[in-house]
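Input: a single structure, listed below in structure tokens.
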Amino acid sequence: MLRAENLDWHARDMVDGGFSPDNYTYPCVLKACSCSDNPRIGFQLHGVVFKVGFDLNLFVGNGLIALYGKCGCLLEARRVLGEMPSRDVVSWNSMVAGYVQNKRFDDALQICREMESLRHKPDAGTMASLLPALTDTSSEIISYVKQMFVNLEKKNLVSWNVMITAYMKNSMPEKAVDLYLQMEKCEVEPDAITCASVLPACGDLSALLLGRRIHEYVERKNLCPNLLLENSLIDMYARCGCLEDARRVFDRMKFRDVASWTSLISAYGMTGKGYNAVALFTEMLNSGQSPDSIAFVAIISACSHSGLYNEGKLYFKQMTDDYGITPRIEHFSCLVDLLGRSGRVDEAYNFIKQMPMEPNERIWGTLLSSCRVYSNMDIGLVAADKLLQLDPEESGYYVLLSNIYAKAGRWTEVTATRSLMKRRKIRKRPGISNVELNNQVHTFLAGDTSHPQSKEIYEELSVLVGKMKELGYVPETDSALHDVEEEDKECHLAVHSEKLAIVFAILNTRESPIRITKNLRVCGDCHIAVKLISKIVQREIVVRDTNRFHHFKDGTCSCCDYW
DNA sequence: ATAGGGTTAG
């Protein structure tokens with residue numbers, strides 16, 4: 001490629017050789033300037049092309065817009081766009097890209113609307129330029145981009161990829177997967193970028209079958225070696241609870257980066273294999289790969305999930321002292337979790353008080369759940385108080401608080417919490433569990449009766465509950481919000497979404513393990529119940545909740561009841 | 001000819 005540093009050189013060459021730059025040369029040269037860290041030559045070129053009138057050329061003008069956009073001179077870019085005698089879609093896209101690169105997302109969208117009003121149709125390039133503006137954005141903007149996609153005259157690979165990524169960047173993995181399947185139907189051939197974009201969605205949904213199918217496709221099309229794609233594969237397997245598969249991809253990689261290691265470390269961490277995570281972290285250091293801030297989050301949280309108190313604290317110290325990484329709120333959150341989860345609730349609270357930044361919801365939430373586990377009402381009340389201020393709409397905190405009161409036998413306060421919730425019109429967030437069957441993700445809500453097989457599922461569940469009781473199962477009412485009579489409570493617990501999803505899988509599949517993903521943490525009752533179910537039906541059951549994996553087998557769980 | 005698409009934590 002032409003480089004700006006060599007421009008003088010090239011220019012002299014051309015003159016000496018009797019060539020003079022024309023409007024085919026300038027776009028290339030402008031591109032070289034905008035990619036270099038010395039765009040001034042580009043600005044000078046603007047003067048040159050202006051003198052000879054080349055600035056009226058479409059391609060030259062487009063080059064100038066991109067150049068000014070990349071340098072943050074948006075007014076100038078805008079001026080060039082406005083003064084061009086004719087514009088094409090690239091002119092508009094370059095302007096959109098300019099605003100996006102400078103984080104002026106509203107202006108970028110404004111340009112899109114403007115081009116549409118002038119009957120210039122957005123294309124895949126417009127969507128691609130917008131993409132960085134689409135991380136955690138509003139549903140209005142997502143539907144705007146979706147409309148753009150739908151209206152495309154010709155959908156090319158890039159447009160599909162961008163739309164999939166846009167869904168992913170807005171926590172809409174179902175939509176991302178949906179679109180991928182549609183893409184297959186339209187016989188558009190996915191490339192490495194498609195796969196790397198949709199695999200995290202498979203991981204999110206525990207859509208292992210689809211993930212595997214994409215992996216096979218990747219092999220068939222020889223899309224690897226490709227670092228980002230392989231990292232996506234590791235992550236997909238890790239989040240589907242398939243450690244061996246994740247490991248296999250990792251082991252076969254030619255080149256690894258910190259993301260490859262981090263994915264695998266957290267995979268071990270989430271399964272409760274803290275010592276493996278520690279060993280892997282050491283191996284990473286020995287291989288010459290330095291950890292980054294995210295890698296430390298992964299290893300400290302791995303320690304926390306396995307109760308490796310000393311190791312976790314050591315990593316926190318190592319991070320700051322040896323690697324000069326300033327701990328972010330995520331690291332503090334991991335450490336609070338490490339302390340609280342291992343029963344050091346006071347230490348966790350003191351640690352929070354010494355934090356250099358304002359503790360957020362996550363921090364107090366972590367503390368509150370450890371208060372519940374270790375029945376620490378004093379600190380629990382402090383945490384709950386903060387949380388009800390920070391997010392009075394989140395039902396989970398009321399439930400935790402109520403549980404803490406209930407454990408202490410403070411029934412008046414239980415009732416008070418319940419009526420506070422009612423007064424504020426806060427409904428419990430429904431638990432949702434996903435299970436994959438025949439390339440389709442089936443979703444169950446707590447108490448769901450909408451599934452076509454619903455009747456069968458409930459019948460089978462009550463048979464199972466009967467067998468569980470023979471094995472000594474007593475529904476643990478502590479896990480439910482105490483707002484119903486004892487008998488009802490048992491009934492409510494029986495229909496937590498994971499139970500429905502598991503029974504559905506028992507009825508419809510034979511192969512182990514059964515894999516479930518849920519949107520909340522597994523409650524104590526379900527944990528006991530699933531252990532028993534795994535014994536009764538002799539099936540391995542893997543449940544991924546918001547925090548970690550539970551591998552149930554023959555009546556026990558991989559977390560050793562530490563969670 | 002000019003713009004523009006991907007991975008890692010909690």
Side-chain angles (χ1 to χ4, degrees), chain A residues 2 22-32 34 57-67 69-70 84 87-98 100-101 122-132 134 156-166 168-169 190-200 203 223 226-236 238-239 249-250 256-267 269-270 291-302 304-305 328-334 336-337 360-363 365-366 546-548:
Chain A
L2 192 55
D22 61 10
N23 53 20
Y24 280 81
T25 328
Y26 282 115
C28 295
V29 179
L30 287 168
K31 182 192 171 100
S34 54
N57 175 278
L58 177 66
F59 291 88
V60 176
N62 290 350
L64 286 169
I65 296 172
L67 170 78
K70 282 213 175 76
M84 282 166 74
R87 287 164 280 268
D88 68 357
V89 68
V90 176
S91 328
W92 293 102
N93 292 353
S94 304
M95 195 63 233
V96 171
V100 168
Q101 284 152 9
D123 67 355
T126 322
M127 295 178 59
S129 305
L130 271 179
L131 194 53
L134 302 179
N156 63 11
L157 187 57
V158 173
S159 58
W160 287 98
N161 289 354
V162 169
M163 201 61 228
I164 290 172
T165 309
M168 266 319 288
K169 301 250 174 203
D191 68 354
I193 297 185
T194 320
C195 299
S197 312
V198 77
L199 282 168
L223 298 179
N226 177 318
L227 182 64
L228 273 61
L229 178 52
E230 287 161 305
N231 286 351
S232 273
L233 282 167
I234 295 175
D235 183 54
M236 181 274 293
R239 286 197 288 173
V249 175
F250 179 87
R256 305 184 181 103
D257 68 359
V258 68
S260 332
W261 290 95
T262 302
S263 288
L264 204 59
I265 288 168
S266 78
M270 282 190 297
D292 64 0
S293 172
I294 299 177
F296 275 107
V297 173
I299 189 63
I300 298 170
S301 90
S304 158
H305 285 309
R328 296 202 310 229
I329 197 138
E330 293 88 343
H331 302 104
F332 287 103
S333 165
C334 287
V336 170
D337 195 48
N360 62 8
E361 216 183 305
R362 199 173 191 104
I363 302 264
T366 301
T546 42
N547 259 295
R548 58 170 303 145

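The model shown is predicted, which means the values in this text are computed figures rather than measured ones.
In this structure, of B:dT7, B:dA9, B:dG4, it is B:dA9 that holds the atom nearest to the side chain of A:Ile294. Checking B:dT7, B:dA3, B:dA1 against every side-chain atom of A:Pro27, the shortest atom distance belongs to B:dA1. For A:Asn156, counting side-chain heavy atoms from C-beta on, the closest listed nucleotide (B:dT7, B:dG4, B:dT2) is B:dG4. Closest approach to the A:Asn57 side chain among B:dA9, B:dG6, B:dA1 is made by B:dA1 (side chain taken as heavy atoms from C-beta onward). Here B:dA1 is the nucleotide among B:dT8, B:dT2, B:dA1 with the atom lying nearest to any side-chain atom of A:Tyr24. Comparing B:dA1, B:dT7, B:dA3 by their closest approach to the side chain of A:Ser232 singles out B:dT7. The side chain of A:Thr165 lies closest to B:dG6, out of B:dA3, B:dT8, B:dG6. Comparing B:dA3, B:dT8, B:dG6 by their nearest atom to the side chain of A:Ala192 picks out B:dG6. Across B:dG4, B:dA9, B:dA1, the shortest atom-to-atom separation from the side chain of A:Ala128 is found for B:dG4.
When atom types are taken as modelled, the side chain of A:Thr262 and the backbone of A:Val258 share a donor-acceptor pair closer than 3.5 angstrom. The closest donor-acceptor contact from the side chain of A:Arg256 to the backbone of A:Phe250 lies under 3.5 Å. Between the side chain of A:Asn231 and the backbone N or O of A:Ile234 there is no donor-acceptor pair closer than 3.5 Å.
Side-chain N/O atoms of A:Lys31 include none lying less than 4.0 angstrom from OP1 or OP2 on B:dG4. Distances shown here put every side-chain N or O of A:Lys70 at or beyond 4.0 Å from the OP1 or OP2 atom of B:dT2. For A:Gln101, a side-chain nitrogen or oxygen approaches OP1 or OP2 of B:dG4 to under 4.0 Å.
A:Arg328 comes within 4.0 angstrom of a base, heavy atoms only. Residue A:Leu157 is classed as a base contact, given a heavy-atom separation below 4.0 Å to a base. Residue contacts shown for A:Ala295 are absent, as no nucleic acid heavy atom lies under 4.0 Å away. Nucleic acid contact for A:Ser129: sugar-phosphate only, since backbone atoms but no base atoms lie under 4.0 Å from a heavy atom of the residue. Within the nucleic acid shown, A:Asp191 comes within 4.0 Å of at least one base atom, counting heavy atoms only. When heavy atoms are screened at a 4.0 angstrom cut-off, A:Leu229 is found touching base atoms of the nucleic acid. Across all strands shown, A:Asp123 has heavy atoms under 4.0 Å from base atoms, whether or not it also approaches the sugar-phosphate.
Using a 4.5 Å heavy-atom cutoff, the side chains of A:Val60 and A:Pro27 are in contact.
Atoms CZ and OG, on A:Arg548 and A:Ser304 in that order, are 9.0 Å from each other to the nearest 0.5 Å.
Regarding A:Leu58, its CG atom lies at a distance of 12 Å from the P atom of B:dA3, rounded to whole Å. If you measure from atom CG of A:Asp88 to atom P of B:dT2, you get 13 Å, rounded to the nearest angstrom. Rounding to whole angstrom units, CG of residue A:Leu30 and C1' of B:dA1 are separated by 11 Å. In this entry the distance linking CH2 of A:Trp160 with P of B:dG4 reads 24 Å, nearest Å. If you take CZ of A:Arg239 and P of B:dA9, they are 6 Å apart, rounded to a whole angstrom. One interatomic measurement links the two molecules: CE of A:Met95 to P of B:dG4, which rounds to 13 Å at whole-angstrom precision. As rounded to whole Å, 16 Å separates atom P of B:dA9 from atom CZ of A:Arg548. Between A:Ile193 atom CD1 and B:dG6 atom P there is a gap of 7 Å when expressed in whole angstrom units.
With hydrogens and angles left out, the side-chain atoms of A:Asp235 and A:Ser232 include no donor and acceptor closer than 3.5 Å. Side chains of A:Ser94 and A:Asn62: no donor on one and acceptor on the other come within 3.5 Å.
Within 3.5 Å, a donor on the side chain of A:Asn226 pairs with an acceptor on the base of B:dG6, or the reverse.
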